[in-house]
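Presented below is the structure to which this report refers.
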Amino acid sequence: MEGKEREEKVDVKVRERKGKSAEYEAVVRAGPHLRPLQQAHAHLVVTGCHRSRALLTKLLTLSCAAASISYTRRIFLSVSDPDSFLFNSLIRASSKFRFPLDALFFYRRMLLSRVSPSSYTFTSVIKACADLSALRLGALLHSQVFVSGYASDSFVQAALVAFYAKSSALNVARKVFDKLPQPSVVAWNSMISGYEQNGLANEAVVLFRKMLELGVEPDSATFVCVSSACSQLGSLDLGCWVHDCVVRSGIRVNVVLATSLINMFSRCGDVKRARVVFDSMNEGSVVSWTAMISGYGMHGYGVQAMELFHRMKACGIVPNIVTFVAVLSACAHAGLIDEGRSVFASMKHEYGMVPGVEHHVCMVDMFGRAGLLSEAYQFVKELGPKELVPAIWTAMLGACKMHKNFDLGVKVAENLISVEPENPGHYVLLSNMYALAGRMDRVESIRNVMIQRGLKKQVGYSTIAVNNKTFLFSMGDKSHPETNEIYYYLDELMWRCKEAGYSPVPESVMHELEEEEREYALRYHSEKLAVAFGLMKTRHGVILRIVKNLRICEDCHSAIKFISIVTNREIIIRDKLRFHHFREGSCSCLDYW
DNA sequence: TTAGGGTTAG
């Protein structure tokens, strides 16, 4: 026997002892890559090994890793009598790659084939229910979890908490969570994220504090969830504290966490700190670049946003549709019309992208803010009927209002109501337009329509954090224990502003829908109350940071410019759309918002 | 004889 031949025989023996055939190794060698896997598969067919369960299992595992759900499904279907592992792999892949209905379908098939579900099955199939917000089905699975004895599995527990939270059953999520004898860090994260995603950012922070008190060590996902909660609250003090926690914990700040921190600092009004985090990243993703660009945009720093956009492209990072929304929105808020036009054109020509509704909205907004009303309206008219979504009309309406074209405004507002008749905000806008156009009879009739249809306008509120506590004010609010002092202070403040030249926006422009609201309208808007409270409670030199849920009104905008003069304070307000930095009598939005 | 739950930009 030749030496080489002998060597090969020994090799085969070794492999056999290990239970690994040449075919098996060929599959492994293909790795988690679709084409090589398919080639290996073809080879199995040729050699007649394509019925081997071990080989098909390995093939399926790698196909899952290659993220090819259709190929994974095909391999699965070629196995005559799939076992628990194969079912679990397929169900997991289906739920992981966002085919939750397939996950449920194969779960049902698993039960029909009399294969028992395991904790692995439940985690995947519960996640599928979470993606579908299928509350009843998930609750049914929850009882199956109990019956089959997997209720003590920490993976299943965390999946259940996340499922209830994502299905908007936060109370149930909390009940499940509270019953866990030793919740895993993922269970904590699920609950914290559940609060944050459902708009209960305060509760998220409270739970995070509790976690720290109990000595549970947060991981990077915990910090991501909590920093998102800070973004929502807009509280810079809180955000800085969370950032300190991250630094003290010594964990590595990965791309996801860094991006979350960038977003958090931007949304808390400190774009410089956001930039420090951005610069500390080794390698940013398109998401982190977009977050930073968007941060600049929302503060009105259009030039910086454009600079970063160009640098990003120079670094070889390909912008996606979200990046373009951020860039165009930055152009709109900074009045960079030519740049915006060329960026919009480059979407198609350079990147072969089809601009979506969001991009159209930015363009209308951009033309509108710049006073190019006819250009904006022309852009709208060129859109197809399917593209005329409410947001397009809202942007157009904002432009009409800003540039006092009330006749066009009325027309636009009527279109807006016809596309979305159930949104109370649109009626308020139309009513405002009628009032501005001097058609007070129509204002009254709109009000009656709203009452008839039971539509209520959204209540505006502002928050401000003082000494690590967040205070909430709504219009004419008298719930605060120091109400009298605040109102007294505000009255005096407005008097000083008037001395300095402030004149309230005339009564005819204030067109609140309810009589009582009108009474308080001028002086006691929530943002003014929050500013007064902030001035009373902080020492000179401290920047006031206020978050408002709606857009700031014209009168408040003008009043706060004067307040920044007479008190010599910097005031930063985040409204529904963007940031306003008030300093020495002017605002960073240059009165375009 | 293998695998899992929570997290980033509009």
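Chain naming here is simple, since letters A, B, ... match the order of the sequence lines and numbering starts at 1 in each.
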Exercise. Between B/dG5, B/dT7, B/dG10, which one does the side chain of A/Val186 approach most closely?
Worked result: B/dG5
Problem set entry | Phosphate-side-chain proximity, A/Arg92 and B/dG4, N/O vs OP1/OP2 below 4.0 Å | yes
Problem set entry | Within residues 293-310 of chain A, residues whose heavy atoms come under 4.0 Å of DNA chain B | A/Ser294
Exercise. Got a sec? Which of residues 63-89 of chain A come in under 4.0 Å of DNA chain B, heavy atoms?
Worked result: A/Phe85, A/Asn88
Seminar exercise, completed: Rounded to whole Å, NZ of A/Lys96 lies from C1' of B/dT7 at a distance of 14 Å
Problem set entry | Parallel, tilted or perpendicular: rings of A/Phe579 and A/His581 (30°, 60°) | tilted
For this session: Supply the atom-to-atom distance A/Met264 CE to A/Leu238 CG, rounded to the nearest 0.5 angstrom.
Result: 8.5 Å
Exercise. Do you know which two heavy atoms are closest between A/Phe379 and A/Met363, and how far apart they sit?
Worked result: CZ-CB, 3.6 Å
Exercise. Under the side chain to side chain contact (heavy atoms under 4.5 Å, CB included) criterion, do A/Leu104 and A/Cys129 qualify, and how do the steps go?
Worked result: CA-CA 8 Å; A/Leu104 296 174; A/Cys129 288; 4.1 Å; yes
Problem set entry | Distance-only donor-acceptor test (3.5 Å): side chain A/Ser184, base B/dG5 | yes
Problem set entry | Nucleotide B/dG10, atom P - distance to CG of A/Asp365 in whole Å | 16 Å
For this session: Determine whether the aromatic ring centres of A/His142 and A/Tyr164 lie less than 6.0 Å apart.
Result: yes
For this session: Can you figure out which of B/dT7, B/dG4, B/dG5 approaches the side chain of A/Ala158 most closely?
Result: B/dG5
Exercise. Could a donor-acceptor pair under 3.5 angstrom be found where the side chain of A/Ser119 meets the base of B/dG4?
Worked result: yes
Problem set entry | Cation over ring face, A/Arg209 and A/Trp241, 6.0 Å, 45° | yes
Exercise. With respect to the side chain of A/Val224, which nucleotide from B/dG10, B/dT8, B/dA9 is positioned closest?
Worked result: B/dT8
Exercise. So, do A/His359 and A/Ile321 sit near enough that their side-chain heavy atoms are less than 4.5 Å apart?
Worked result: yes
Seminar exercise, completed: Atom CG of A/Leu90 and atom C1' of B/dT2 are separated, to the nearest Å, by 15 Å
For this session: Write down the distance between CG (A/Leu62) and P (B/dA3), rounded to a whole number of angstrom.
Result: 11 Å
Exercise. Which residues, if any, of residues 120-129 of chain A bring a heavy atom under 4.0 Å of DNA chain B?
Worked result: A/Tyr120, A/Thr123, A/Lys127
Exercise. Does any residue of residues 268-289 of chain A have a heavy atom under 4.0 Å from DNA chain B, and if so, which ones, in number order?
Worked result: A/Val287
Exercise. Tell me: CG of A/Leu59 to C1' of B/dT1, nearest whole Å?
Worked result: 17 Å
Exercise. Between A/His142 (NE2) and B/dG5 (P), how many Å, whole number?
Worked result: 18 Å
Exercise. Within this structure, what is the CD-to-C1' distance between A/Gln197 and B/dG5, rounded to whole angstrom?
Worked result: 16 Å
For this session: Starting from P on B/dT2, measure out to CG on A/Leu56 and report it in whole angstrom.
Result: 19 Å
Exercise. Who passes side chain to side chain contact (heavy atoms under 4.5 Å, CB included) against A/Ser329, sequence neighbours left out?
Worked result: A/His333, A/Cys362
Exercise. For the residue pair A/Phe278 and A/Trp289, is the inter-centroid distance of their aromatic rings smaller than 6.0 Å?
Worked result: yes
Seminar exercise, completed: Looking only at heavy atoms, the pair that brings A/Cys230 and A/Val242 closest together is SG-CG2, 3.6 Å
For this session: Name every residue in residues 226-262 of chain A that has at least one heavy atom under 4.0 Å from any atom of DNA chain B, in order of residue number, or write none if there are no such residues.
Result: A/Val255, A/Val256, A/Thr259
Exercise. A/Thr57 and A/Arg53: side chain to side chain contact (heavy atoms under 4.5 Å, CB included), yes or no, with the steps?
Worked result: CA-CA 6 Å; A/Thr57 301; A/Arg53 178 180 298 266; 3.9 Å; yes
Exercise. Looking at A/Phe76 versus A/Phe87, is the centre-to-centre ring distance below 6.0 Å?
Worked result: yes
Problem set entry | Working for side chain to side chain donor-acceptor pair (under 3.5 Å), residues A/Thr323 and A/Asn320 | CA-CA 5 Å; A/Thr323 317; A/Asn320 62 23; 3.0 Å; yes
Exercise. Are A/Trp188 and A/Phe177 close enough that their ring centers fall under 6.0 Å?
Worked result: yes
Exercise. Between B/dG4 and A/Gln157, is there an OP1 or OP2 to side-chain N/O distance shorter than 4.0 Å?
Worked result: no
Exercise. Under the side chain to side chain contact (heavy atoms under 4.5 Å, CB included) criterion, do A/Gln144 and A/Ile126 qualify, and how do the steps go?
Worked result: CA-CA 11 Å; A/Gln144 288 180 9; A/Ile126 289 167; over 6 Å; no
Exercise. Taking all atoms of both residues into account, what is the closest heavy-atom pair of A/Ile91 and A/Ser124, and its distance?
Worked result: CG2-CB, 3.8 Å
For this session: Mind listing the closest non-hydrogen atom pair of A/Cys64 and A/Ser89 along with its distance?
Result: SG-O, 3.9 Å
